[in-house]
Amino acid sequence: MLQCAPYPLLLGPYFPMNIRTLLDQRFRAAFQQAGAPPETNPQVQQSGRPEFGDYQANGAMAAAKALRMPPRALAEKVVQAVDLQDLAERVEIAGPGFINITLSKTWLSRQLSEALRDARLGVAPVEHAQNIVVDYSSPNLAKEMHVGHLRSTIIGDAVVRVLEFLGHRVVRQNHVGDWGTQFGMLIAYIERLRTSGEAQLTLALEDLEGFYRSAKQLFDSDPAFADTARAYVVKLQQGDAHCLELWKHFIDTSMGHCERVYERLGVTLRRTDVKAESAYNSDLPRVIDDLRKQGLLSESEGAQCVFLDEFKGKDDSPLPVIVQKSDGGYLYATTDLAAIRYRAKDLAADRVLYFVDARQSLHLKQVFAVARRAGFVADSCSLEHHPFGTMMGEDGKPFKTRAGGTVKLVDLIDEAEQRAYAVVSEKNPGLSEGERRAIARSVGVGAVKYADLSKNRINDYIFSWNTMLALDGNTAPYLLYAYTRIASIFRRGELGDSHFTGHIDIIEPAERNLGLLLARFSEVVETVGADCYPNLLCSYLYDLAGAFMQFYEACPVLKADEPARSSRLLLCRLTAGVLHRGLDLLGIETIEQM
RNA sequence: GCGCCUGUAGCUCAAUCGGAUAGAGCAUCAGCCUUCUAAGCUGAGGGUAGCAGGUUCGAAUCCUGCCAGGCGCGCCA
């Protein structure tokens, strides 16, 4: 394990704050002093181009308009007023009134030296920790996990990690589907196999997907079996002991499958995070009752519905949220309402995040609206659907096996590891078999996850083995390689904790470039925590890895003279720390060599 | 029919609350290994931002209309 962990000694008080926030505060004060109203947004952001400095404040144009004065004149006054003596080496006005800020190397050097002594690498814990409930993964247990579950699982887990790192109290909710009509069929099939022996049943359940297919086939071809299956749905719902036992056996087996996938993917979900659909069964009649008491319920064509004005269907007709079927059965909207109330009330959530397929947008919008109207959720609680697109094959159609079936996650992981193994063996044949296997595991799984995380989640995305396992470009292998290069420097120099001394002193352009990115880590992490777009963290880490590669080419470390050698070693150490932590927040594990 | 999402380089994708000359990677071409891992680095070419209007000092971003694709829309989840 690389010593990316921080210095144990903390010299004096250190209150990390991200640069953007710091500049925002300074400029807010300056704008007021310059005569702008207190609510003026200084619009501090990272500069788009190097010639515009490191940060820019763009608020002068808008504020000048309100004040009816020339924007450059306001910018002048702001620059006069702003106190940046400690941190900027240049503040310039450009164009119509942009204020460009170049940070001083001294200040940057000090920030980095401090971040190095901080276990959190300069990321401050949130001032007000929130209770954040995160609904993600949530596979249906009738079948094995397949590629359709990947995005929710991977993206949700990354966001969970980020939120916890920021200091929030996170409650994972794996809302697995373990109830509904198809389970009658599966139970009937279990029973049938049991009569031919326990061993055969166990074997059949190994391949859950095949199990489902066989049951379905029987269901479609054998009317007697179909009748039994339908009867079992009813018995199950009535709490029949025998059916429940078979059902539990099935659920248990299926959950075991999921857990093996989570384990291999390095996903933090545990059995204790499961709050299955069936867990809300007893609460469903109460949901209906409460909706009725609120006067929200109306009957339509025999079904119990909630009609809300904001939802219109065809020809402006009212669009119902059906919460109880005409036969008395409940639907997933009912379960979701029960779940949302549990999360808001029992779990006291400040935010509830749903990492759910974009196709459920309307459904969730309706559930959120009904829940609010019914008072299940306080106004102060934020309900957020974070949708994502579908994973497509290289032909632009939903990703399938060659035979046209769904791709099981275990198969996907197997193939990723195999392909990674082939690459490692080719690139680095000197490593032992065991080492290559271990590297292939990290690289293969890391590549799968990174391919998913690095894209803006809203769009559909094209899954391609080639781009994913490519060794260059914005991929997991590239980031992992950057990290191993640092590890290699430390190995080569035989460096232990005691060898890291002195402080970071930014001199070369490549050092400055790298240092500036390192100092921005907290900005990215905070943004991801707020907006739930892990691809921002990916592209940051990619930039960081790139900046390190350039630094590596331009600035010798071990061969440098003091004090540059010490400074560069510390820069390497901080880079390793940020890469390690950043990848960890994405759920990707680093390796020491590859 | 109504609603939601999307349309950026040949391909895969970015772009912070509207900000300056729209950026990467792949692929193509040209360079760099007696020097800390070349799974790397440097450089070149490649764009009517779907189309047309509008708002604005300023639009890939906001608004309107059209075109194209995907998805959703009463008793599955």
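On a predicted model such as this, the values are computed, not experimentally measured, just so you know. Note that these values count all heavy atoms, side chains included, but never hydrogens, waters or copies made by symmetry. Chain identifiers are assigned alphabetically (A, B, ...) following the order of the sequence lines, protein sequences preceding nucleic acid strands; residue numbering begins at 1 within each chain.
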Is a donor on one side and an acceptor on the other found under 3.5 Å between the side chain of A/R491 and the backbone of A/Q593? no
| Stepwise side-chain hydrogen bond (donor to acceptor under 3.5 Å, both in side chains) check, A/E562 with A/S566 | CA-CA 6 Å; A/E562 291 296 354; A/S566 289; 2.8 Å; yes
Exercise. Name the nucleic acid region contacted by A/A303, choosing base, sugar-phosphate or nothing; use a 4.0 angstrom heavy-atom cut-off, strictly under.
Key: base
Side-chain heavy atoms of A/P139 within contact of A/V176, under 4.5 Å
yes
What about the rings of A/Y450 and A/Y478, do their centers lie closer together than 6.0 Å?
no
Next item on the list: For nucleotides B/U12 and B/G72, find the distance between their C1' atoms and express it as a whole number of Å.
Entry: 27 Å
- [ ] Describe the nucleic acid contact of A/A482 in one word from base, sugar-phosphate, nothing, applying a heavy-atom distance below 4.0 Å.
- [x] nothing
Quiz item: Quick one: does A/N100 reach the base of B/A20 with a side-chain donor-acceptor pair under 3.5 Å?
Solution: yes
| Is there a donor and acceptor pair, one atom on the side chain of A/Y332 and one on the base of B/A77, closer than 3.5 Å? | yes
- Task: Output yes when A/D395 and A/K400 qualify as a salt bridge under the 4.0 Å nitrogen-oxygen rule, no when they do not.
- Result: no
Query raised in the report: When you compare B/A15 with B/A20, how far apart are their C1' atoms, in angstrom units rounded to a whole number?
Result: 14 Å
- Message: Counting the atoms with a prime plus P, OP1 and OP2 as sugar-phosphate, which does A/L331 contact under 4.0 Å by heavy atoms, base, sugar-phosphate, or nothing?
- Response: sugar-phosphate
Here RNA chain B, pairs taken as Watson-Crick or G-U under 3.5 Å and shown with ( ), [ ] when crossing and | when to another strand, reads (((((((..((((.....[...)))).(((((.......))))).....(((((..]....))))))))))))....
Taken to the nearest whole Å, CG/A/L364 to P/B/C71 is 19 Å
side-chain N/O A/K325 vs B/C76 OP1/OP2, d < 4.0 Å
yes
By the 4.0 Å heavy-atom rule, please label A/T527 as base, sugar-phosphate, or nothing.
nothing
Residues passing the side chain to side chain contact (heavy atoms under 4.5 Å, CB included) test with A/D178, sequence neighbours excluded, are A/L141, A/W247, A/I251, A/A276, A/E277, A/S278
The nucleotide from B/C75, B/C76, B/A77 with an atom nearest the side chain of A/T181 is B/C76
The residue, A/V443 or A/N41, whose nearest nucleotide of RNA chain B is more 5′ is A/N41
Of the listed B/A20, B/C17, B/A77, the closest approach to the A/Q43 side chain comes from B/C17
Per atom distances to the A/K427 side chain, the nearest of B/G74, B/U16, B/A39 is B/A39
- Query: Are A/D24 and A/R20 within salt-bridge range, i.e. N to O under 4.0 Å?
  - Reply: no
Side-chain contact check for A/Y481: nearest option of B/G19, B/A38, B/G74 is B/A38
Suppose you measure atom P in B/G43 against the same atom in B/G23; what distance do you get, rounded to whole Å? 15 Å
With syn defined as a glycosidic angle within 90 degrees of 0 and anti as anything else, the base of B/C33 is syn
Of A/Y354, A/Y280, A/Y136, A/Y332, the one forming a ring-ring contact (aromatic ring centres under 6.0 Å, His included) with A/H175 is A/Y280
Between A/F548 and A/R485, is there a cation-pi geometry (under 6.0 Å to ring centre, at most 45° from the normal)?
no
In whole angstroms, the gap separating C1' of B/U16 from CG of A/D531 amounts to 9 Å
Point to revise | A/S454 side-chain N/O to A/C538 backbone N/O, donor-acceptor pair under 3.5 Å | key: no
For a quick check, tell me whether the side chain of A/Q56 and the base of B/A20 share a donor-acceptor pair closer than 3.5 Å.
yes
Contacts of A/Y212 meeting ring pair (Phe, Tyr, Trp, His ring centres under 6.0 Å) (sequence neighbours excluded), chain-then-number -> none
For a side-chain contact (heavy atoms from CB on, under 4.5 Å) check, start with the C-alpha distance between A/V525 and A/Y540, then their side-chain angles and the critical distance, and finish with the verdict. CA-CA 10 Å; A/V525 176; A/Y540 165 81; over 6 Å; no
Quiz prompt | B/U61 versus B/A49 - spacing of their P atoms, nearest Å | solution = 10 Å
Self-check item: Interatomic distance at C1', B/G46 relative to B/A27, whole Å
Solution: 11 Å
Check your understanding: Is the shortest side-chain N/O distance from A/R20 to OP1 or OP2 of B/U16 below 4.0 Å?
Key -> no
Rounded to whole Å, CD of A/Q360 lies from C1' of B/A77 at a distance of 7 Å
Which of B/G19, B/G74, B/C36 is nearest the side chain of A/V557? It is B/C36
What interatomic distance, in whole Å, is found between P of B/C76 and the corresponding atom of B/C62? 38 Å
Taking only side-chain N and O atoms of A/Y478, does any of them lie within less than 4.0 angstrom of OP1 or OP2 on B/C26? no
To the nearest angstrom, the CD1-C1' distance between A/I19 and B/U16 comes to 14 Å
Separation of B/U16 atom P from A/D24 atom CG, nearest Å, is 17 Å
Subject >> Atom P, compared across B/A9 and B/G50: separation rounded to whole Å >> reply: 8 Å
Applying side-chain hydrogen bond (donor to acceptor under 3.5 Å, both in side chains) to A/R565 and not counting sequence neighbours gives none
- Could you measure between the two P atoms, the one in B/U8 and the one in B/A52, and give it in whole Å? 16 Å
So, with a heavy-atom separation below 4.0 Å from RNA chain B, the residues of residues 543-553 of chain A are A/M549, A/Q550, A/Y552, A/E553
Between CZ of A/F311 and P of B/C2 the distance, given in whole Å, is 19 Å
Looking at every strand, decide which applies to A/C572 at a 4.0 Å heavy-atom threshold: base, sugar-phosphate, or nothing. nothing
What are the atom names and distances for every N/O pair under 3.5 Å that joins the protein to nucleotides 3-14 of chain B?
residue	atom	partner	partner atom	Å
B/C13	OP1	A/I462	N	2.7
B/A14	OP1	A/N456	N	2.3

(request) Start with the C-alpha distance between A/W179 and A/L236, add both sets of side-chain angles, then the distance that settles side-chain contact (heavy atoms from CB on, under 4.5 Å), and finish with yes or no. (result) CA-CA 9 Å; A/W179 204 248; A/L236 183 63; 3.7 Å; yes
Q. With no hydrogens and no angle check, is any side-chain donor or acceptor of A/S254 less than 3.5 Å from a backbone partner on A/F250?
A. no
Closest to the side chain of A/R485, out of B/G74, B/G40, B/A77, is B/G40
A/E299 atom CD is separated from B/G74 atom P, nearest whole Å, by 18 Å
Of the listed B/U37, B/A39, B/C75, the closest approach to the A/R491 side chain comes from B/U37
Assert: residue with more 5' nearest nucleotide on RNA chain B, out of A/L431 and A/A554, is A/A554
Between NE2 of A/H385 and C1' of B/G72 the distance, given in whole Å, is 12 Å
